[in-house]
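Input: a single structure, listed below in structure tokens.
What you see is a predicted model, and the numbers here were worked out from it, not measured in a lab.
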Amino acid sequence: MTKKNETKETVETVVVPTAVTESIAPKKAPAKKNTNGPAKKNQNPNQNQNPNQNQNQNQNQNQNQNQNKAQNQNKPQNQNKSKKQTEQVVFVEDASNKPAASTLKIIPLGGLNEIGKNMTVYQYEDDIFVVDCGMAFPEDELLGIDVVIPDITYLKKNASKVKGIFITHGHEDHIGAIPYFLRDINVPIYGTRLTLGLVENKLKEHKLSPKLITIVPGQVIKVGVFEIEPIRVCHSIADAVAYAITTPYGKVIQTGDFKIDFTPIDGQKTDLHRLARLGEEGVLALLSDSTNVVREGYTMSESSVGDTFEEIFRHATSRIIVASFASNVHRVQQIINAAYQNNRKVAFSGRSMVNVTGVALELGYLKLPSQDMIIDIKDLGRYPENELVVITTGSQGEPMSALARMANSEHRNMEITPGDLVILSSSPIPGNEKSVYKIINQLTKKGAKMIYESLADVHVSGHAKQEELKLMQALVKPKYFVPVHGEYVHLDRHKQLAIAMGMHDKNIFILNNGSVLEFGPEGAKIGKPVQAGRVFIDGLGVGDVGNIVLRDRKHLSEDGLIIIVVAISSVTGEIVTGPDLISRGFVYVRESEVLMDGAKNVIEEELKKCYAKNIKDWATLKSSVRDALSQYIYQSTKRSPMILPVFMEV
């Protein structure tokens with residue numbers, strides 16, 4: 001009985017899981033074994049008879065290991081059975097491989113060919129999970145737009161399959177869209193302690209309370225067919241992780257934003273040992289951060305900034321104002337440490353700075369050398385200026401930030417005075433350069449002394465440069481590579497870096513948002529794309545501002561508006577009053593009487609022509625008036641304002 005039970009166990013572990021394991025191995029396509037098996041059997045008809053003959057004649061003899069496996073597999077079911085029945089067993093084994101023939105899909109919905117809005121979808125059959133759910137700040141042409149988030153139409157259509165969201169770290173370009181996502185799809189959110197603390201703080205503002213699940217590096221979370229393991233990485237925010245995702249076709253590693261810092265502030269280094277072990281075990285695909293790929297060398301350690309702060313603070317004789325990202329807890333910690341060493345009090349300014357530091361202090365990620373060194377921003381007047389440090393938001397020149405309000409004399413609690421030392425502890429995000437230098441100019445005009453990245457080492461990046469990206473490639477040794485997080489120039493440069501490391505260009509995929517990268521028995525390929533794009537948040541409206549509205553806003557901002565008001569008799573169809581012209585953003589009417597009088601004449605003549613042709617429907621009348629007036633104005637001014645006819649029946 002013992003031997004028989006062992007044989008059954010062997011059948012279960014060999015026949016089913018081995019078939020699956022071979023099908024998902026990165027270097028072995030599942031179809032090969034299934035097709036080769038029947039092919040050999042057809043070439044040698046006696047092969048299926050040999051196991052039964054051996055069992056009947058030599059059951060008690062010692063045989064080699066391969067013969068024992070064949071004997072143990074066939075003995076419970078096939079002994080004394082026909083060849084036809086034996087072939088049926090082979091058919092059953094092939095059927096067990098069918099699930100592995102489904103494809104693994106990796107679908108980026110944001111973060112490619114752009115900065116921000118990061119979101120990646122992983123799908124296998126009916127199991128879907130999402131990595132990151134970020135937002136982006138609007139570009140200059142997106143007039144009036146507050147926030148840009150990914151289009152999740154594909155996920156809405158498959159809402160019942162979505163199992164959760166895994167967050168790599170707490171920056172807005174990775175968590176900013178979560179409140180809008182949860183309005184349509186309410187699923188658990190997985191993240192480290194600080195990340196979830198920031199997410200929870202954000203969700204409170206939106207009055208949402210989804211299930212938040214805290215994870216730690218090294219833990220394995222099972223989600224459907226997937227197993228997800230967070231791996232510690234360094235970044236410009238604490239508690240950042242990469243993810244090693246075990247799929248039916250092998251392991252996929254998504255780095256998130258990272259750099260390799262050997263002297264991080266919190267002592268939590270990037271887990272290179274775990275990445276190397278995964279590389280030895282075999283990695284199907286690597287999705288790696290491309291933000292800093294155009295920069296050579298290594299990114300400096302965050303700890304190097306602390307020495308610069310300490311040096312600046314030691315020689316400063318006035319009030320110090322430091323602008324930084326609120327989420328960069330390690331930077332804030334170093335500013336606090338430098339202030340303590342130089343006997344200065346610290347005040348926080350800006351809503352996000354107050355919120356983030358509050359969460360970081362509560363969770364223990366931000367430590368105070370002295371409990372009485374933090375003061376309220378309203379109490380600055382109680383202390384000498386040479387004993388104060390203000391840590392504020394606005395390092396990117398945001399017009400509504402605390403630093404911008406200081407520069408414009410609009411801050412409720414403080415104003416820039418001559419001699420203030422202002423430190424911009426950041427580098428401009430691409431596209432924000434004009435806003436940043438506008439703030440620098442305004443502060444300088446007020447008499448402030450400015451220190452920014454090009455003048456001193458007051459900022460280091462949180463993203464890996466070329467040599468660190470090469471190290472990631474060397475440790476992980478992926479079969480396939482997908483550069484992520486960056487404009488096209490970053491993705492292409494990362495591709496060239498991988499080729500230089502020895503990867504074949506056919507195994508590297510530069511994707512677009514909405515592209516579907518499919519892994520199947522035959523390898524990787526690009527599948528049919530899904531809907532992806534940008535959804536605009538304007539006030540409380542989500543997605544109600546589209547391209548047509550933005551086009552009209554752009555038109556209005558460039559050429560202005562003319563409104564035509566005409567009252568028409570409901571009996572005769574003739575003009576009762578008007579036409580009256582209202583100009584907004586086009587010309588000042590009182591100084592353009594000749595132009596306005598000519599416009600009225602054009603409108604009256606056009607209406608007379610329409611009545612002569614017995615045209616009385618308002619849609620045609622409006623269109624004719626609009627075309628005639630547009631032609632007249634362009635000939636007179638070479639401008640094309642928006643024209644809005646308003647007809648009233650009296």
Side-chain angles (χ1 to χ4, degrees), residues 131-132 166-171 174 190-198 214-221 228-245 251 253-281 283 286-293 295-309 324-325 327-337 360 363-367 457 459-478 485 501:
V131 173
D132 289 330
F166 285 77
I167 307 299
T168 57
H169 62 280
H171 280 154
H174 293 257
Y190 299 81
T192 52
R193 286 180 67 234
L194 179 61
T195 301
L196 289 189
L198 298 175
T214 303
I215 60 177
V216 295
Q219 177 184 359
V220 176
I221 305 98
I228 299 135
E229 176 191 348
I231 301 171
R232 177 77 64 191
V233 295
C234 294
H235 186 41
S236 56
I237 186 172
D239 250 7
V241 294
Y243 286 113
I245 303 157
K251 285 186 170 63
I253 294 179
Q254 183 162 346
T255 66
D257 293 351
F258 81 99
K259 70 175 183 179
I260 297 175
D261 190 342
F262 295 108
T263 56
I265 301 304
D266 59 0
Q268 300 290 338
K269 304 179 183 67
T270 298
D271 194 347
L272 301 179
H273 298 289
R274 181 57 183 150
L275 292 168
R277 285 198 299 272
L278 289 168
E280 290 300 321
E281 294 169 6
V283 172
L286 171 67
L287 283 68
S288 183
D289 177 20
S290 307
T291 307
N292 250 359
V293 69
R295 299 185 179 183
E296 298 179 351
Y298 297 87
T299 301
M300 291 175 60
S301 171
E302 178 66 32
S303 59
S304 64
V305 179
D307 297 334
T308 304
F309 279 134
S324 180
F325 289 113
S327 59
N328 196 339
V329 177
H330 292 156
R331 186 71 48 81
V332 174
Q333 180 70 69
Q334 295 190 92
I335 298 169
I336 290 174
N337 293 344
L363 297 178
Y365 289 89
L366 197 60
K367 296 178 174 60
D457 294 330
H459 175 69
V460 296
S461 175
H463 299 272
K465 293 184 181 179
Q466 287 184 9
E467 297 306 315
E468 296 155 272
L469 296 173
K470 289 179 183 178
L471 180 56
M472 179 64 73
Q473 288 272 351
L475 292 175
V476 172
K477 297 180 286 189
H485 301 178
M501 291 288 293

Check salt bridge (charged side-chain N to carboxylate O under 4.0 Å, His left out) between [X] and all other residues, then give those that pass, not counting sequence neighbours.
X: Glu296; answer: none
X: Lys470; answer: Glu467
X: Asp239; answer: Arg232
X: Lys477; answer: Glu280

Does the [X] side chain pair with the main chain of [Y], one donor and one acceptor, at a distance under 3.5 Å?
X: Lys259; Y: Met300; value: yes
X: Thr270; Y: Cys234; value: yes
X: Arg331; Y: Val460; value: yes

Gln254 side, atom CD; Ile231 side, atom CD1 - distance, nearest 0.5 Å: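 Here the interatomic distance stands at 11.5 Å.
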Could you pull out all residues at least two apart from Thr195 that satisfy side-chain hydrogen bond (donor to acceptor under 3.5 Å, both in side chains)?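 Applying side-chain hydrogen bond (donor to acceptor under 3.5 Å, both in side chains) to Thr195 gives Thr192.
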Are His485 and His463 an aromatic pair, judged by ring center distance below 6.0 Å?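 Distance test on ring centres: not under 6.0 Å, no.
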Non-hydrogen atoms of Met472 and Phe258 that approach each other most closely: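 Between these two residues, the closest heavy atoms are CE-CE1, 3.6 Å.
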How far apart are the closest heavy atoms of Tyr190 and Leu196, and which atoms are they?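 Where Tyr190 meets Leu196 most closely, the heavy atoms are C-CD2, 4.2 Å.
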Looking only at side chains, do Asp132 and Thr168 share a donor and an acceptor under 3.5 Å apart?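 Asp132 vs Thr168: donor-acceptor pair found between side chains.
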ring-ring contact (aromatic ring centres under 6.0 Å, His included) with Phe325: which residues, sequence neighbours excluded?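 For Phe325 there are no ring-ring contact (aromatic ring centres under 6.0 Å, His included) partners, ignoring immediate neighbours.
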